[in-house]
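Notes follow the structure.
First the proteins, then the strands, lettered A, B, ... as listed; each starts at 1. Given the structure is predicted, the values throughout are model-derived calculations rather than measurements.
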2 protein chains.
Amino acid sequence: MAKNKSIHLSRRERQIMDIIYELGRATAAQVRCRLPDPPSYSAVRAMLRLLEEKGHLRHRQDGPRYVFLPTLSRDKARQSALKQLLRTFFDGSTEGAVAALLDMESSKLSPGELDRLAELIERAKKEGR
Amino acid sequence: MAKNKSIHLSRRERQIMDIIYELGRATAAQVRCRLPDPPSYSAVRAMLRLLEEKGHLRHRQDGPRYVFLPTLSRDKARQSALKQLLRTFFDGSTEGAVAALLDMESSKLSPGELDRLAELIERAKKEGR
DNA sequence: CGTCGTGTGCTAAATTATTAGCAGGGTGCT
DNA sequence: AGCACCCTGCTAATAATTTAGCACACGACG
């Protein structure tokens, strides 16, 4: 019934999903207090329930409260987020995206990280050929 | 007046912005036909007008019709999209994101691209030190 | 010239999203 | 037991979104 709509997330829903992906799992209270302008408790719970109905979340009883987890694995969600980003901002070019990442946070990348990345690229080269 | 609301994009608005960023610039008709389930013409125009009011778009008269362009440069929009993605899915780790990109589309990266990326990393190393 | 097609602006209505508020249930504390 | 607190589920109201529909402008063309 609400199957075809399930891909569409509203603003708040998106925010909530982001929080949960960021944390891995979260209770209603946790979600609430990380929301930009915390709405009422009920509001948060209502949306968690909706997200669960839509199939984006599931919950687990943890003692007296619910803990919400994403349905899709973080990997899958990542994957599709990356794909979307690539298409929207980089004409689908992986190279462009990687370049932007390096450029953006270059100061934050430690030599160690850079080394590991260099190695990843080496490996990709070998596999590609 | 509508300044503080201007950050919040609704679902449709997001879709439209994505399309325009992807294309660089677009007319109402172009936007409409790329929308998942094309709504009426008026609907699209109304939202383009709203987005313009909110300051996300501006338009240029091109002959008989309007061509809409993003207000924020693609670079800036990229930047913030990347930042968000990093935080949400990679714990802020650039390395993780790059690794995921390489992993995901490895088959699509040509040797040439890989070489260029390797070089980028080399350069980052030198700058970092 | 009339009219068809495609563009625009505007506004009011329909649809969705978001919130507040009430009615429990359970646990711990005095 | 009686009370305070935090959790749940629900429903109805409010706020925001998305849409359709009308009025008008302009160029192309029979």
Side-chain angles (χ1 to χ4, degrees), chain A residues 1-21 23-71, chain B residues 1-21 23-71:
Chain A
M1 180 233 297
K3 267 288 170 60
N4 46 349
K5 291 272 173 187
S6 60
I7 25 171
H8 299 314
L9 291 183
S10 67
R11 172 165 45 86
R12 274 285 201 231
E13 288 175 333
R14 179 78 264 149
Q15 291 177 333
I16 291 181
M17 287 306 294
D18 282 354
I19 290 170
I20 293 187
Y21 271 121
L23 295 181
R25 66 203 147 71
T27 66
Q30 284 179 298
V31 169
R32 173 165 185 273
C33 71
R34 316 216 167 204
L35 242 20
D37 41 347
S40 81
Y41 214 86
S42 318
V44 176
R45 284 181 296 114
M47 277 189 291
L48 287 169
R49 212 166 340 108
L50 277 180
L51 282 167
E52 191 163 8
E53 271 175 27
K54 288 194 190 177
H56 291 96
L57 293 178
R58 70 210 147 95
H59 75 267
R60 204 162 273 179
Q61 192 95 29
D62 175 26
R65 87 210 52 180
Y66 284 3
V67 174
F68 291 86
L69 313 114
T71 294
Chain B
M1 182 235 298
K3 269 287 170 62
N4 47 350
K5 291 271 175 185
S6 61
I7 25 173
H8 299 315
L9 290 183
S10 66
R11 171 166 47 86
R12 273 286 200 230
E13 288 175 333
R14 180 77 264 150
Q15 291 177 332
I16 291 181
M17 287 306 294
D18 281 354
I19 289 169
I20 293 186
Y21 272 121
L23 296 180
R25 65 203 149 70
T27 65
Q30 284 180 299
V31 169
R32 173 165 186 272
C33 70
R34 315 217 168 205
L35 244 17
D37 41 347
S40 81
Y41 213 87
S42 317
V44 176
R45 284 182 296 115
M47 277 190 292
L48 287 170
R49 213 169 338 107
L50 279 180
L51 282 168
E52 191 163 6
E53 270 174 30
K54 288 194 188 176
H56 291 96
L57 293 178
R58 69 207 146 94
H59 75 267
R60 204 162 273 182
Q61 192 94 30
D62 176 26
R65 88 210 51 175
Y66 285 2
V67 174
F68 290 86
L69 313 114
T71 293

Item to check | R32(A) (side chain) donor-acceptor with P39(A) (main chain) under 3.5 angstrom | outcome: yes

Closest to the [X] side chain: [options]?
| X | options | answer |
| --- | --- | --- |
| A29(A) | dA20(C), dT17(D), dC7(D) | dC7(D) |
| A28(B) | dA17(C), dT19(D), dT8(C) | dT8(C) |
| R49(B) | dC10(D), dT19(D), dG9(C) | dG9(C) |

In whole Å, I'd like the distance from the [atom1] atom of [X] to the [atom2] atom of [N].
| X | N | atom1 | atom2 | value |
| --- | --- | --- | --- | --- |
| M47(A) | dA15(D) | CE | P | 16 Å |
| Q30(A) | dC6(D) | CD | P | 16 Å |
| L50(A) | dA17(C) | CG | C1' | 9 Å |
| E13(B) | dT19(D) | CD | C1' | 14 Å |
| E53(B) | dG9(C) | CD | P | 11 Å |
| L48(A) | dA17(C) | CG | C1' | 15 Å |
| R32(A) | dT18(C) | CZ | P | 16 Å |
| L51(A) | dG9(D) | CG | C1' | 17 Å |

Item to check | Non-hydrogen atoms of V31(B) and A26(B) that approach each other most closely | outcome: CG2-CB, 3.9 Å

With a cut-off of 3.5 Å and sequence neighbours excluded, list every side-chain donor-acceptor pair involving residues 63-71 of chain A.
| from | atom 1 | to | atom 2 | distance (Å) |
| --- | --- | --- | --- | --- |
| T71(A) | OG1 | G55(A) | O | 2.9 |
| T71(A) | OG1 | H56(A) | O | 3.4 |
| T71(A) | OG1 | L57(A) | N | 3.4 |

Would you say [X] and [Y] make side-chain contact, with heavy atoms under 4.5 Å?
| X | Y | value |
| --- | --- | --- |
| I16(A) | L9(A) | no |
| Q15(A) | D18(A) | no |
| R14(B) | R14(A) | no |
| I19(B) | Q30(B) | no |

Do any side-chain nitrogens or oxygens of [X] fall under 4.0 Å of OP1 or OP2 in [N]?
| X | N | result |
| --- | --- | --- |
| S42(A) | dC10(D) | no |
| Y41(A) | dC6(D) | no |
| S10(A) | dT18(C) | yes |
| R12(A) | dT19(C) | yes |
| S40(B) | dT19(D) | no |

Checklist entry - Where along residues 58-70 of chain B does a heavy atom come under 4.0 Å from DNA chain D, residue by residue in number order? => result none

Checklist entry - With a 3.5 Å cut-off and just heavy-atom distances, do the side chain of R45(B) and the base of dG9(C) make a donor-acceptor pair? => result yes

